[in-house]
Structure formats: C-alpha cells, structure tokens
Amino acid sequence: MLTTRPRGTLDYLPEDMDRWHQIEGLAHKVCRLYGYQQVKTPVFEHTELFERTVGGATDIVEKEMYTFQDRGGRGLSLRAEGTAPAARAYLEDKLYAQPQPTKLYYVEPIFRYERPQAGRMRQHYQFGIEALGSQNPALDAEIIALAMDFFGRLGLTGLDVQINSIGCPKCRAAYREKLVTYLRGVAESLCDDCRARLERNPLRVLDCKNESCRPHLEAAPVASEHLCPECRTHFEALQAYLAGYGIPFKINRRLVRGLDYYTKTVFEIIAPGLGAQSTVCGGGRYDGLIEVLGGDPTPGVGFGLGIERLTLALEAQGIKLPRTSATDVFVASLGEAAAARALRLVHDLRAADIAADLDYLGRSLKAQFKYADKTGAKWVAIIGDEELAADEVTLRRLDTGEQERVPAAGLVARLSEEVRRAAAGQAARAGEQAPRAKGEHS
RNA sequence: GUGGAUGUAGCUCAGCUGGUUAGAGCGCCAGGUUGUGGCCCUGGAGGCCGCGGGUUCGAGCCCCGUCAUUCACCCCA
C-alpha cells in the first residue's frame with residue numbers, strides 16, 4: 001500500500017453512513033424546531049481570524065492549527081474552531097440586517113493538530129449553533145435546551161450539564177487581579193505548568209488537574225463569586241430558565257473554557273462512558289467577539305457538539321439507529337433471457353422510487369438469495385423460465401418467507417404500496433419514541 | 001510535546017524456553033439442491049508475521065531503530 005490516511009483522521013464507510021445521516025438529519029430537524037438556519041463557511045480561513053478571536057495564548061493557536069500559505073502568499077488555516085467563522089460570516093455577509101436575533105447552525109469539519117486518543121481526532125465534525133444579537137439569558141438557556149433535546153431524541157441518558165459564569169471584561173479585570181495576587185502567594189507550591197499559566201492565562205490555573213496543585217487552589221477566589229451585578233443577574237436568570245426547561249444542571253465554579261472570546265456563561269455537557277475526553281458539547285457566551293472582528297458591539301452565544309464523541313456515547317449506551325439504506329427488492333434471475341427481463345424490471349422499479357438491485361456476477365439463484373439477504377433487501381423477485389413464460393414474477397418476503405406469484409406488470413404498483421406502508425409504520429414508531437426519550441431527562 | 005501498551009489472513013486472536021510446509025474462529029467464494037436466504041456440512045481463496053537493520057547455523061519469537069495504531073497527560077468537541 002502506497003500510503004494510508006493521515007494520522008488522526010477517519011474514513012466513514014458505508015456501514016457508518018446510515019447513522020451519520022440520521023444524526024445530521026436530526027440536527028437539521030431540531031434546529032428547524034428552534035428557529036436556527038444552516039450556514040456553510042469555507043474549510044479554510046485567514047489565519048488572523050483564529051489568532052485574534054480564539055486568542056494568541058491558547059493551545060489552539062499556539063500549536064494546533066493547520067496553517068499554510070497559498071500560492072498567492074496568503075496566510076491561511078484550516079478551520080480550527082466553529083464560532084469565529086460563523087461570526088465572521090454574520091458580519092461580512094451583513095446578517096445583522098436580517099430580522100434579529102440571527103440564529104445559525106452548521107455541521108462541519110474542524111482541524112486541530114493534536115495527539116489522537118479516544119474521542120479526539122485531528123479532523124472531527126462539529127454540529128454547532130450560534131445565536132447572535134441578543135444578550136437575553138433565555139437564549140443561553142435555549143441553546144442548552146436544544147442540545148439536550150437533540151441528545152434526548154437520540155435516546156442518550158445520564159448526561160451531566162455543568163454551567164459557570166466567568167464574568168464580563170469589567171468584572172473580570174478586578175477578579176483577575178485578585179486571583180493573580182492569590183496565586184502569587186502560593187506560586188511556590190504550584191506545578192510548573194501553573195506557574196507559566198499564572199502570567200499568561202491565570203484563569204486556566206483554576207482547572208489544573210494536577211493533584212499537587214489542588215489543595216492550594218481550593219481557597220482561590222472563583223469568578224462566579226466576583227461578578228458585577230449585571231453578570232450575576234444574568235447567571236441567576238440562566239439558572240431560572242434552565243429550571244423552567246426542566247433541565248438538571250450543576251454549577252461548576254472551576255469550569256473555565258480555554259478560548260479568549262468567552263464572557264459570562266460557559267457550559268459543558270458531559271456524557272458517561274467516554275474515557276478521558278467526555279465533553280460532548282461545550283459552549284458559552286461571547287459578547288465581545290463581533291467587536292473584535294470590527295463590527296458594532298453585538299452579543300452572541302453558542303456551542304460546539306462533537307459528532308465523533310456523540311457516536312462514542314451512543315455506542316457506550318448500546319444505542320443502535322435503524323438501518324435505512326438497504327435496497328427494497330432484489331430481482332433474481334435464472335438464465336440469460338430472464339436476466340434481460342430482470343434488467344428492465346429493475347429499471348421500472350427504480351423509476352417508481354423503489355430501491356432495486358440485481359446480480360452482476362452470474363451467480364446461482366442460491367447465491368443471489370444469500371446476497372439479497374446479507375445486503376438487507378426486504379423482498380426477492382424471482383424470474384425463471386416459468387415466470388418468463390407466464391409473464392409473472394415470484395415475489396418472496398425475506399423476513400417472513402411468504403411467497404406468491406404476481407403478474408410482472410403489477411409488480412411496481414404492488415411494491416410501491418408495500419414500501420409506502422412500511423415507511424408509514426416506521427414514521428409512526430419513531431414518533432412514539434421521541435417523547436419517551438425526552439421524558440427521561442426531565 | 002511527554003509517558004505507557006500493541007503491530008501475525010478482511011476481522012478477533014493463537015503461535016510452547018528462537019528449530020523444518022505460520023494456525024483457529026468469524027467473514028468472503030464455491031459445492032452439498034443446474035429454482036430459493038437465515039441453520040448445518042464440505043472444500044477453496046487469502047499472510048515478504050508493520051518496515052529497516054542487527055545477533056544467530058537458524059528469527060513471527062531476541063536486540064536497536066523507524067512507522068503506525070491505541071490509551072493517558074496537556075488541551076479540547
């Protein structure tokens with residue numbers, strides 16, 4: 001083999017795509033229910049978009065971006081994060097001139113140069129939403145509710161919602177000073193990483209996982225207890241709204257997100273059974289971001305939701321989504337004349353929106369049956385000499401083994417009816433499932 | 001970037017203290033019925049034992065390097 005897929009990337013194979021389409025389809029559906037509209041932005045952006053918004057002192061910008069120059073000498077980077085491109089599009093494409101607030105979503109790949117591990121890929125997909133133009137805490141609650149609704153409809157349980165507030169630039173400056181003063185006092189007891197972070201990004205010291213730092217950080221001042229009145233009111237309102245949605249949550253006073261643009265609300269949704277990378281959804285408010293990009297002050301709030309981690313969570317809970325891509329009918333034939341007839345029949349079936357397939361390997365009838373069975377076909381239509389003479393086909397249901405002779409001319413109409421009935425049954429079952437899954441979270 | 005584990009058939013793995021033609025189960029293909037799937041039986045195809053070097057009469061097994069996978073740290077979805 002000449003080469004393999006690059007480290008930290010995944011091939012999505014046919015067997016994966018049913019689940020993928022259903023997850024993405026559900027994202028489309030839930031977003032429509034909540035009034036969010038889809039955008040697609042380029043896979044690469046000018047590097048400064050990420051440098052200026054995410055922050056130059058963050059790991060993402062310092063060491064994780066796929067950055068390159070194009071042939072015209074432009075400095076570009078593969079999308080390292082979802083919010084900044086969406087915010088850029090909002091400003092550049094003047095979405096602020098549309099009815100407000102602007103509620104957007106996307107399902108797109110993100111690229112970060114990291115060491116791969118469970119739930120971490122160099123290319124991964126995020127379903128993200130962004131609500132721009134309102135600082136109403138009800139919107140912070142809405143996006144959390146949307147995420148939980150989405151998870152609930154997939155049947156996921158045991159999710160843990162953690163929220164915090166890191167304040168606005170006003171209260172954060174005062175708090176930051178207080179924190180740095182405290183940390184300097186205990187600096188000698190902290191690990192090397194923390195001492196370095198103390199100067200560059202002191203808030204991050206708080207969620208250091210190093211055991212030796214823990215005791216010294218217990219007494220450190222936390223942001224949520226040093227909020228200005230506006231931020232405190234916002235945080236309290238968010239909690240009231242979440243309660244109103246019936247969403248259980250925990251306040252995690254050490255939750256600090258690593259991106260510079262966050263203000264006020266930050267949150268994570270953690271799924272059980274994922275190993276070390278257990279956050280399936282993370283986000284928060286970014287009221288200063290649009291200004292950094294050169295626009296008028298415009299508040300915003302959003303989240304990113306990792307599709308690969310979601311998939312791991314579904315597997316951990318044994319949740320299998322139904323197969324949707326199988327062919328409806330396999331047309332088996334015996335002999336050359338019958339094969340020619342089968343070809344025409346398949347053509348007619350497909351024209352009538354019935355998924356039909358046939359043998360291309362000259363296989364025995366038995367082998368054709370095995371193939372039909374393994375590929376998930378629901379029916380096999382058999383054409384042999386007898387059927388050819390009578391202008392009929394033998395139609396067999398593979399799940400029940402029921403078999404009958406039907407006129408060839410009536411096959412399309414007959415199967416159309418069956419396929420429609422099956423689809424209606426499936427829709428009804430899906431409809432029953434949703435409220436029950438949703439109820440498990442309230 | 002740091003640390004640990006693992007690389008043998010498409011998949012999951014065996015392979016005794018280095019010793020002749022490298023095995024199993026599942027999967028794939030075919031046959032058992034020249035008109036019928038799932039179960040069963042039989043047969044077949046498929047492996048430069050990740051790659052490169054070394055030790056040895058002899059290496060899948062030992063040593064070194066390298067690449068890849070994987071888990072964890074950092075950080076993130």
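Letters A, B, ... mirror the listed sequences (proteins, then strands); counts begin at 1.
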> Taking NZ, NE, NH1 and NH2 as the nitrogens, is one of them in A:R350 or A:D328 under 4.0 Å from a carboxylate oxygen of the other?
Replying inline: no
> Starting at CG of A:L312 and ending at C1' of B:A77, how long is that distance when rounded to a whole Å?
Replying inline: 11 Å
>> Using the P atom as the point on both nucleotides, what is the distance between B:G54 and B:G60, in whole Å?
In response: 15 Å
> Which nucleotides of nucleotides 1-6 of chain B have their base under 4.0 Å from a protein heavy atom (B), which only their sugar-phosphate (S), and which neither (-), written as one string 5' to 3'?
Replying inline: BBB---
> Which value, in whole Å, describes the distance between the C1' atoms of nucleotides B:U12 and B:U8?
Replying inline: 12 Å
> With rounding to whole Å, what would you report as the distance between B:G65 and B:G4 at their P atoms?
Replying inline: 12 Å
> When you check the gap from the basic side-chain N to the acidic O, do A:R344 and A:D348 get nearer than 4.0 Å?
Replying inline: no
> Is the NZ or CZ atom of A:R79 both under 6.0 Å from the centre of the six-membered ring of A:F111 and within 45° of that ring's axis?
Replying inline: no
>> Once you apply a heavy-atom cut-off of 4.0 Å, does A:A372 come out as touching a base, just sugar-phosphate, or nothing?
In response: nothing
> Mind checking what makes side chain to side chain donor-acceptor pair (under 3.5 Å) contact with A:N252, not counting sequence neighbours?
Replying inline: A:Q162
> In whole Å, what separates the P atom of B:C29 from that of B:G37?
Replying inline: 15 Å
> B:G15 and B:C57: how far apart are their P atoms, nearest whole angstrom?
Replying inline: 28 Å
>> Does B:A72 have its OP1 or OP2 closer than 4.0 Å to a side-chain nitrogen or oxygen of A:Q117?
In response: yes
> Can you list the stems that RNA chain B is part of, where a stem is at least 3 pairs in a row, each Watson-Crick or G-U, with both distances below 3.5 Å?
Replying inline: B:1-7 with B:67-73, B:10-13 with B:23-26, B:28-32 with B:40-44, B:50-54 with B:62-66
>> Among residues at least two apart in sequence or on other chains, which ones pass side chain to side chain donor-acceptor pair (under 3.5 Å) with A:N164?
In response: none
>> For the C1' atoms, the ones on B:U2 and on B:U17, what distance do you get once it is rounded to whole angstrom?
In response: 36 Å
>> Rounded to whole Å, please give me the gap between CG in A:L13 and C1' in B:C11.
In response: 13 Å
> RNA chain B: A:A276 or A:Y262, which has the more 5' nearest nucleotide?
Replying inline: A:A276
> Do the charged groups of A:E387 and A:R341 touch, with an N to O distance under 4.0 Å?
Replying inline: no
>> Checking the side chain of A:Q22 only, and the main-chain atoms of A:D18 only, is there a donor and an acceptor separated by less than 3.5 Å?
In response: yes
> Taking atom P in both B:U55 and B:C71, what distance in whole Å separates the two?
Replying inline: 37 Å
>> Within the supplied structure, the quantity of interest is the number of heavy atoms (other residues, nucleotides, ligands) at a distance under 6.0 Å from A:E177 CD; does it exceed 12?
In response: no
> Is the shortest distance from a Lys or Arg side-chain nitrogen in A:R52 or A:E48 to a carboxylate oxygen in the other one below 4.0 Å?
Replying inline: no
>> Measuring centre to centre across the rings, with the benzene-like ring taken for any Trp, is A:F127 within less than 6.0 Å of A:F150?
In response: yes
> Please give, in whole Å, the distance from B:A77 C1' to A:Q277 CD?
Replying inline: 9 Å
> At under 4.0 Å between heavy atoms, what does A:G275 touch on the DNA or RNA strands: base, sugar-phosphate, or nothing?
Replying inline: sugar-phosphate
> What's the CD-C1' distance between A:E268 and B:A77, to the nearest Å?
Replying inline: 9 Å
> Can you check the A:E108 CD to B:A77 C1' distance for me, whole Å?
Replying inline: 15 Å
> Among B:A77, B:U69, B:C29, which is the nearest nucleotide to the side chain of A:R7?
Replying inline: B:U69
> Who passes side chain to side chain donor-acceptor pair (under 3.5 Å) against A:E308, sequence neighbours left out?
Replying inline: A:Y12
> Could A:K378 and A:E418 be called an ion pair, given the rule that one side-chain N must be under 4.0 Å from one carboxylate O?
Replying inline: no
> Which parts of nucleotides 34-44 of chain B does protein reach within less than 4.0 Å, heavy atoms only, written one letter per nucleotide 5' to 3' as B for base, S for sugar-phosphate only and - for none?
Replying inline: -BBBB------
>> I'd like the C1' distance from B:A22 over to B:C61, given in whole Å.
In response: 12 Å
> What integer distance in Å separates A:R363:CZ from B:G31:P?
Replying inline: 11 Å
> Are more than 12 heavy atoms from other residues, nucleotides or ligands located less than 6.0 Å from atom CD of A:Q37?
Replying inline: no
> To the nearest angstrom, how far is A:L10 atom CG from B:A77 atom C1'?
Replying inline: 14 Å
